[in-house]
Amino acid sequence: MKKRNDDIEQICAYCENAVVICESEICICKLEGAVRQQDSCKKFSLDLLKLAPLPKKLPDEDTVFFEI
């Protein structure tokens, strides 16, 4: 099931229909052809695998998990 998150920018770089070209600001879209990564269209469909995961917070140094 796909969920749409409004916090994520709807740009071509994150779309299922686009493929980002290495070291370039251009994507190849199945629907529109060559487009910029920052562009967007009505057919945007979020591809979760193209998003970078958020870094996890490390526990505080004061917290002791076990004693030796």
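The first residue in the sequence is number 1, and the count goes up from there. Because the structure is predicted, anything quoted here is derived from the model rather than measured.
Summarising the geometry, atom OH belonging to Tyr14 is positioned 6.0 Å from atom CG belonging to Leu51; distances are rounded to the nearest 0.5 Å. Interatomic distance, CD of Gln10 versus OG of Ser45, reported as 10.0 Å (0.5 Å rounding). Taken from CG in Leu46 to CD in Glu9, the straight-line distance is 11.5 Å, to the nearest 0.5 Å. In this structure, the separation between CD1 on Ile11 and OG on Ser40 is 8.5 Å, given to the nearest 0.5 Å.
Taking a 6.0 Å sphere around NZ of Lys43, one finds it holds 12 or fewer heavy atoms contributed by other residues, nucleotides or ligands.
When hydrophobic clusters are built by joining Ile, Leu, Val, Met, Phe, Trp and Tyr residues whose side-chain heavy atoms come closer than 4.5 Å, directly or via intermediates, Leu31 is not grouped with Phe44.
Listed by first and then second residue, the side chain to side chain donor-acceptor pair (under 3.5 Å) pairs that reach into residues 25-36 are Arg36-Asp39, sequence neighbours excluded.
Within the 4.5 Å cutoff, the side chain of Val19 has no heavy atoms near those of the Ile21 side chain. In this structure, the side chains of Cys12 and Gln37 stay at 4.5 Å or more apart for every pair of heavy atoms.
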